[in-house]
Chemist: 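Next up is a structure, given as structure tokens.
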Amino acid sequence: LFTSDSRAELSGNLLFVHERLRESGLDKTYKLLTIFKPSITARRPLLDKLRFPFYLCISDVVLMDDYQPMIYKVPLPKDMKVIQLWHASGAFKTVGYSRIGKPGGPLPYSKHHRIYTHAIVSSRHDVRFYAEAFGMAEDKVHATGIPRMDAFFDEDAIAAARMRAYEAVPAAREKKVILFAPTFRGTGPLDAYYDYSLIDLGELHAVAEEQDAVVIFKMHPFIEERIDIPDKFADRLLDATELREVNDLLMISDVVVTDYSSLVFEYSTLGRPMLFFAYDLEEYEAERDFYEDLASFAPGKIVRTFPEVIESLRNKDFEQRKVQEFARQHFDHLDAGSTDRVIDDLILD
């Protein structure tokens, strides 16, 4: 059973595992079931409320890639495998039980997450963080690598991703691409926001003109409010937030401006520069916190004001030397074999 409470259809890690099972002919041995919901806040149809417990009753293996509240509400067979293919590629900002006592954190004795029999991470370095987040033993967290990351080591997949990105954002063709992709503020999908008033669109457009570039905004899907781009800047400042997967945009990006987003893990494997606009570092650290100190963790330059963002973009000052070492530390397998390891080691034993 492949399930998500925040995706309308198969995508991400779930899609990679599902399709490899089919390619391997294992769909003739296993019946592959799916049940999804387009967003955390969407209401589940009545039919799905009936189907979900039935599917759980007949499933030997359940795979998810995020918080899935429905599965915590029913008793599960002891021999069922419940595999968490968490959507992030590494541990950056705290999640799950690492957030006890913080806004939006779980209760200490909650059953959420603790039902997993297996979870995956990108490296042994991150095992302890995921074990803490999910309230599970470290030997249940496996450094298989992240299935959707296989596309970052496959030339055909890279070419296909670039084509999809250019089809979605045609103005980016034959231009330098600056991707602006921060995470959200707030405790979750109900109150998620980003302070757009900090962004000087005029200066950002000027830099884009100077470098014959476009700036693509890809805001976190929790943020409902969209950035308001005036018509006079719309030739080079583009909003691609509606795209579900950010990985296609990473493939065409020459530099990424982010803050505390886990996309830095994926992007580091491409060896390209990153800039960290951490305007609210102390506040964010107090409310959300990190597994590691940002100054030693970030694979790029940290700036605190938007004028510093503009200056770094103009001068191409990104401290790019940090990227390669970051990728080596956070990926045990810099290859296209993560999906196969998940299937061979966790699903098929």
Side-chain angles (χ1 to χ4, degrees), residues 89 148-149 151-183 194 196 198-221 223 226-277 298-303 306 308-320 322-324 326-327:
S89 290
R148 63 185 176 81
M149 287 296 299
F152 284 73
F153 306 99
D154 182 319
E155 292 301 323
D156 290 338
I158 291 173
R162 290 175 62 86
M163 184 176 297
R164 289 193 299 271
Y166 287 132
E167 287 174 353
V169 192
R173 292 183 185 274
E174 299 181 4
K175 294 283 192 296
K176 176 181 178 180
V177 174
I178 301 168
L179 180 64
F180 191 92
T183 192
Y194 187 83
Y196 293 121
L198 296 167
I199 303 173
D200 188 331
L201 295 178
E203 281 294 301
L204 204 52
H205 185 269
V207 169
E209 279 193 324
E210 293 165 14
Q211 300 183 2
D212 192 22
V214 294
V215 178
I216 299 177
F217 290 91
K218 175 66 173 79
M219 309 308 292
H220 192 281
I223 302 172
R226 293 292 174 257
I227 187 167
D228 183 16
I229 301 174
D231 290 343
K232 63 182 178 179
F233 298 145
D235 59 328
R236 292 187 181 271
L237 305 188
L238 315 168
D239 184 10
T241 297
E242 293 302 321
L243 291 180
R244 182 63 178 88
E245 296 294 337
V246 71
N247 285 357
D248 290 353
L249 295 176
L250 294 181
M251 296 298 189
I252 65 169
S253 297
D254 296 284
V255 59
V256 166
V257 180
T258 186
D259 44 22
Y260 322 120
S261 172
S262 63
L263 64 79
V264 300
F265 292 95
E266 290 93 327
Y267 199 62
S268 72
T269 65
L270 300 175
R272 300 173 195 164
M274 287 173 261
L275 185 62
F276 293 79
F277 178 33
K301 185 176 182 179
I302 300 171
V303 297
F306 203 77
E308 289 180 289
V309 172
I310 297 299
E311 182 181 8
S312 294
L313 289 172
R314 276 207 170 99
N315 298 331
K316 299 180 174 59
D317 179 15
F318 307 118
E319 298 180 8
Q320 191 175 351
K322 299 178 180 179
V323 175
Q324 189 174 16
F326 178 91

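The structure presented is a predicted model; accordingly, all values stated were derived computationally and were not measured.
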Chemist: Would you call the rings of F306 and F277 parallel, tilted or perpendicular, taking 30° and 60° as the class edges?
Modeler: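 Ring orientation of F306 relative to F277: perpendicular.
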Chemist: If you measure from OG1 on T183 to CD1 on I223, what distance do you get to the nearest 0.5 Å?
Modeler: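 Separation between the atoms: 7.0 Å.
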Chemist: Working to the nearest 0.5 Å, report the span between CZ of F180 and OG1 of T241.
Modeler: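 Answer rounded to 0.5 Å: 10.5 Å.
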Chemist: Using 0.5 Å steps for rounding, measure from the CD atom of E242 to the CZ atom of R226.
Modeler: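 Between atom CD of E242 and atom CZ of R226 there are 4.5 Å.
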Chemist: I'd like to know whether D239 forms a side chain to side chain contact (heavy atoms under 4.5 Å, CB included) with I229, so could you lay out the CA-CA distance, the side-chain angles of the two residues, the decisive distance to 0.1 Å, and finally the verdict.
Modeler: CA-CA 8 Å; D239 184 10; I229 301 174; 4.2 Å; yes
Chemist: Taking atom CD of E174 as the centre, does the number of heavy atoms from other residues, nucleotides or ligands within less than 6.0 Å exceed 12?
Modeler: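 Not buried by this count: 12 neighbours or fewer within 6.0 Å.
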Chemist: How far apart are the closest heavy atoms of V177 and A172, and which atoms are they?
Modeler: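 Shortest heavy-atom separation between V177 and A172 comes out as CG2-CB, 4.0 Å.
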Chemist: Let's go through M251 and R164 carefully: what are the C-alpha distance in whole Å and the side-chain angles of both, what is the deciding distance for side chain to side chain contact (heavy atoms under 4.5 Å, CB included) to 0.1 Å, and is it a yes or a no?
Modeler: CA-CA 10 Å; M251 296 298 189; R164 289 193 299 271; over 6 Å; no
Chemist: Do the two ring centres, one from F276 and one from Y260, sit under 6.0 Å apart?
Modeler: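 Between Y260 and F276, which both carry aromatic rings, the centre distance is not below 6.0 Å.
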Chemist: Between CD of E167 and CZ of R173, what distance do you get to the nearest 0.5 Å?
Modeler: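 Separation between the atoms: 6.5 Å.
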Chemist: V264 and P299: which non-hydrogen atoms are nearest, and at how many Å?
Modeler: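 Nearest heavy atoms, V264 then P299: CB-CG, 4.4 Å.
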Chemist: Once you round to the nearest 0.5 Å, how far does CG of L270 lie from CD1 of I252?
Modeler: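 Answer for the CG-CD1 pair, L270 versus I252, is 12.0 Å.
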Chemist: Given 3.5 Å as the limit, does a donor-acceptor pair link the side chain of S89 with the main chain of E266, or not?
Modeler: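 Pair absent, no side-chain N/O of S89 close to backbone of E266.
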Chemist: Would the distance check show the side chain of R236 and the main-chain N or O of H205 forming a donor-acceptor pair, the cut-off being under 3.5 Å?
Modeler: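 Side chain of R236 to backbone of H205, a donor-acceptor pair under 3.5 Å: no, none is there.
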Chemist: Hey, does Y194 have a side-chain heavy atom less than 4.5 Å from the side chain of I227?
Modeler: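 No; the side chains remain at least 4.5 Å from each other.
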Chemist: Just by modelled atom types, is the L250 backbone N or O under 3.5 Å from a matching donor or acceptor in the R272 side chain?
Modeler: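 Checking the backbone N and O of L250 against the side chain of R272, a donor-acceptor pair under 3.5 Å is found.
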Chemist: Compare every heavy atom of G271 with every heavy atom of V323, then report the nearest pair and how far apart it is.
Modeler: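 Here V323 and G271 meet closest at CG1-CA, 3.8 Å.
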Chemist: Hey, what do you get for CG (L313) to CD1 (I178), rounding to the nearest 0.5 Å?
Modeler: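 L313 atom CG to I178 atom CD1 measures 5.0 Å (nearest 0.5 Å).
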Chemist: What's the shortest heavy-atom distance between I158 and F152, and which atoms?
Modeler: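 Taking I158 first and F152 second, the nearest heavy atoms are CD1-O, 3.7 Å.
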Chemist: Quick check: closest heavy atoms across P182 and T258, and the distance to 0.1 Å?
Modeler: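 In this case the closest contact between P182 and T258 is CA-OG1, 4.0 Å.
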Chemist: Does the pair V215 and F233 meet the rule for a side chain to side chain contact (heavy atoms under 4.5 Å, CB included), with working shown?
Modeler: CA-CA 10 Å; V215 178; F233 298 145; over 6 Å; no
Chemist: Below 4.5 Å, heavy atoms only, C-beta onward: do F326 and M274 meet side chain to side chain?
Modeler: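 Answer no - side chains too far apart.
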Chemist: State, to 0.1 Å, how close Y267 and V255 come at their nearest heavy-atom pair, and which atoms those are.
Modeler: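 Scanning both residues, the minimum pair turns out to be OH-N, 3.4 Å.
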Chemist: Using the rule given for side chain to side chain contact (heavy atoms under 4.5 Å, CB included), can you reason through L249 versus V169, listing the C-alpha separation, both sets of side-chain angles and the distance that settles it, and then say yes or no?
Modeler: CA-CA 9 Å; L249 295 176; V169 192; 4.2 Å; yes
Chemist: Between E311 and K301, is the closest basic N to carboxylate O distance under 4.0 Å?
Modeler: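 Looking at K301 and E311, the cut-off is not met.
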